[in-house]
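Below, chain A is the first sequence line, B the second, and so on; all start at residue 1. Values below: every heavy atom of this structure, side chains too, minus hydrogens, waters and symmetry copies. These numbers come from a predicted model, not from an experiment.
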Number of protein chains: 2
Amino acid sequence: MKLLHHPDRKDLQLASVLYALSDPIRLYVVSEIRKHGEQACNSFKVPIAKSTMSHHARTLREAGVVYTRAQGTQRIMSLRTDDLNERFPGLLDSVLQAYDSSEQPELFTEQEEGLE
Amino acid sequence: MKLLHHPDRKDLQLASVLYALSDPIRLYVVSEIRKHGEQACNSFKVPIAKSTMSHHARTLREAGVVYTRAQGTQRIMSLRTDDLNERFPGLLDSVLQAYDSSEQPELFTEQEEGLE
DNA sequence: TCAATTGTTCGTAAGTAATCGAACTATTAA
DNA sequence: TTAATAGTTCGATTACTTACGAACAATTGA
């Protein structure tokens with residue numbers, strides 16, 4: 001498969017990173033990776049089509065928020081914690097701290113409950 | 001004039017704040033307010049029409065990043081530091097620290113130099 | 001080889017965002 | 001009252017974003 005492009009650490013742009021993190025689904029994805037470690041795209045229980053998830057994964061990757069590697073047919077995403085902390089100290093922590101304390105983590109995962 | 005709407009502290013949304021901060025002009029405006037204190041909209045040397053600045057000011061205000069009050073014909077913007085720190089501890093600091101250390105503060109202010 | 005799994009890419013549609021200039025409002029100063 | 005100043009709002013344009021399903025590609029397993 002074609003190589004996935006990842007920006008160099010020095011090329012990370014603050015505005016792009018903030019933009020990538022300004023979407024509820026992407027925030028959720030990043031928070032889940034932070035909590036449970038690297039994840040394949042299909043591990044997130046979000047109510048969107050796989051092509052849409054692919055788009056979000058690409059947005060996060062191209063902003064430099066996640067590193068994506070191929071493993072079999074899966075794409076495993078991990079947080080570029082070191083790069084982000086080096087370039088934007090404290091940013092990732094404060095965003096995820098804010099997310100986990102103010103959003104409902106079950107926003108997507110438990111939305112199927114009680115529907116039948 | 002009609003009252004400007006400002007969201008309550010409790011209603012601040014992380015994704016909205018991150019989005020408001022994900023634009024180069026808005027980042028610059030916020031950074032300038034942080035460095036020099038409250039500012040009127042016309043104090044920013046940015047290469048955009050005043051209607052566009054009005055739009056950015058509104059985006060920042062509606063996300064809860066700035067508080068805007070009328071003073072004569074001016075709109076004075078100040079950072080909602082306390083509200084932001086209460087809801088999203090460390091976020092504003094890390095964003096502005098990252099901005100000031102990685103962007104060129106003269107991005108807009110000095111772009112006219114050497115053009116004649 | 002064939003089918004299933006996982007994800008990407010493409011085409012499309014709907015919605016949103018950034019930008020401008022023109023017209024407007026409100027305030028201040030002459 | 002008139003003019004200048006500071007912003008807002010409106011309409012239009014252009015561009016981007018999110019979203020979907022269909023088609024495709026790559027890998028794995030039967």
Side-chain angles (χ1 to χ4, degrees), chain A residues 1-6 13-30 32-33 38-78 107-108 111, chain B residues 1-6 13 15-30 32-33 36 38-78 107-108 111:
Chain A
M1 65 163 289
K2 64 178 68 59
L3 287 190
L4 296 173
H5 177 254
H6 292 83
Q13 295 295 313
L14 177 61
S16 302
V17 169
L18 293 175
Y19 180 78
L21 295 175
S22 73
D23 176 272
I25 288 180
R26 293 193 294 261
L27 268 177
Y28 171 75
V29 165
V30 169
E32 287 296 298
I33 297 175
E38 57 179 24
Q39 306 267 321
C41 290
N42 70 330
S43 71
F44 304 103
K45 301 303 184 303
V46 288
I48 56 174
K50 64 179 181 174
S51 57
T52 304
M53 172 57 82
S54 187
H55 154 75
H56 285 304
R58 178 176 175 162
T59 299
L60 288 170
R61 174 173 53 78
E62 293 186 342
V65 176
V66 303
Y67 179 79
T68 304
R69 71 174 207 276
Q71 183 176 78
T73 62
Q74 295 186 313
R75 302 293 177 273
I76 309 291
M77 288 190 285
S78 54
L107 186 56
F108 303 114
Q111 68 172 6
Chain B
M1 69 162 288
K2 65 176 68 58
L3 287 188
L4 298 172
H5 178 254
H6 292 83
Q13 295 295 314
S16 302
V17 168
L18 293 174
Y19 179 77
L21 295 175
S22 72
D23 176 272
I25 288 180
R26 293 193 295 261
L27 268 177
Y28 171 75
V29 164
V30 169
E32 287 295 298
I33 297 176
H36 305 118
E38 56 179 24
Q39 305 267 323
C41 291
N42 70 331
S43 71
F44 304 103
K45 303 303 185 300
V46 288
I48 58 175
K50 63 179 182 173
S51 57
T52 304
M53 173 55 82
S54 187
H55 155 73
H56 285 305
R58 178 177 176 161
T59 300
L60 288 169
R61 174 172 54 77
E62 293 186 342
V65 176
V66 303
Y67 179 80
T68 304
R69 69 173 206 278
Q71 183 176 79
T73 62
Q74 295 186 312
R75 301 293 176 273
I76 310 290
M77 288 191 285
S78 54
L107 185 56
F108 303 115
Q111 68 172 5

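The distance from atom CZ of B:Arg26 to atom P of C:dA17 is 9 Å, rounded to the nearest whole Å. We find that CZ of B:Phe44 is positioned 14 Å from P of D:dA6, with the value rounded to whole Å. Taking atom CD1 of residue A:Ile48 and atom P of nucleotide C:dT8, one finds them 12 Å apart after rounding to whole Å. Between B:Arg61 atom CZ and D:dG7 atom P the separation is 13 Å, expressed in whole Å. What separates CD of A:Gln74 from P of C:dA4 is a distance of 18 Å, to the nearest Å. One can place CG of A:Leu4 at 13 Å from P of D:dA26, the figure rounded to the nearest angstrom. Counting to the nearest Å, the P atom of C:dT27 and the CD1 atom of B:Ile76 are 14 Å from each other. Summarising the geometry, the separation between CG on A:Asp23 and P on C:dG15 is reported as 18 Å, rounded to the nearest angstrom.
Remark: A:Ser43 pairs with A:Gln39 by the side chain to side chain donor-acceptor pair (under 3.5 Å) rule, at least two apart or across chains. Residues passing the side chain to side chain contact (heavy atoms under 4.5 Å, CB included) test with A:Thr73, sequence neighbours excluded: none.
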Using atom types as modelled, flag every donor-acceptor pair under 3.5 Å from a side chain in residues 58-72 of chain B to any protein atom, sequence neighbours excluded.
| unit_1 | atom_1 | unit_2 | atom_2 | d |
| --- | --- | --- | --- | --- |
| B:Arg58 | NE | B:Glu62 | OE2 | 3.1 |
| B:Thr59 | OG1 | B:His55 | O | 3.0 |
| B:Arg61 | NH1 | B:His5 | O | 2.7 |
| B:Arg69 | NH1 | B:Glu38 | OE1 | 2.7 |
| B:Arg69 | NH1 | B:Glu38 | OE2 | 3.2 |
| B:Arg69 | NH2 | B:Glu38 | OE2 | 3.3 |

Cut-off 3.5 Å, no hydrogens considered: what does the side-chain donor-acceptor table look like for residues 15-25 of chain A, sequence neighbours left out?
| unit_1 | atom_1 | unit_2 | atom_2 | d |
| --- | --- | --- | --- | --- |
| A:Ser22 | OG | A:Tyr19 | O | 2.7 |
| A:Asp23 | OD1 | A:Ile25 | N | 2.9 |
| A:Asp23 | OD1 | A:Arg26 | N | 3.1 |

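Ranking D:dG7, D:dT18, C:dG21 by closeness to the B:Ala49 side chain, first place goes to C:dG21.
For A:Tyr19 and C:dT16, the shortest distance from a side-chain N or O to OP1 or OP2 is not below 4.0 Å. Phosphate contact (OP1/OP2 of D:dA26, side-chain N/O of A:Arg75, threshold under 4.0 Å): absent. Side-chain N/O atoms of B:Asn42 include none lying less than 4.0 angstrom from OP1 or OP2 on D:dT5.
Screening residues 48-57 of chain B for salt bridge (charged side-chain N to carboxylate O under 4.0 Å, His left out) gives no qualifying pairs among residues at least two apart or on separate chains.
We find the CD1-NE2 distance between A:Ile48 and A:His56 to be 4.5 Å, quoted to the nearest 0.5 Å. For the atom pair SG of A:Cys41 and CE of A:Met53, the computed distance is 6.5 Å after rounding to the nearest 0.5 Å.
In the region residues 50-59 of chain A, proximity to DNA chain C at under 4.0 angstrom, judged on heavy atoms, holds for A:Lys50, A:Ser51, A:Ser54, A:Arg58.
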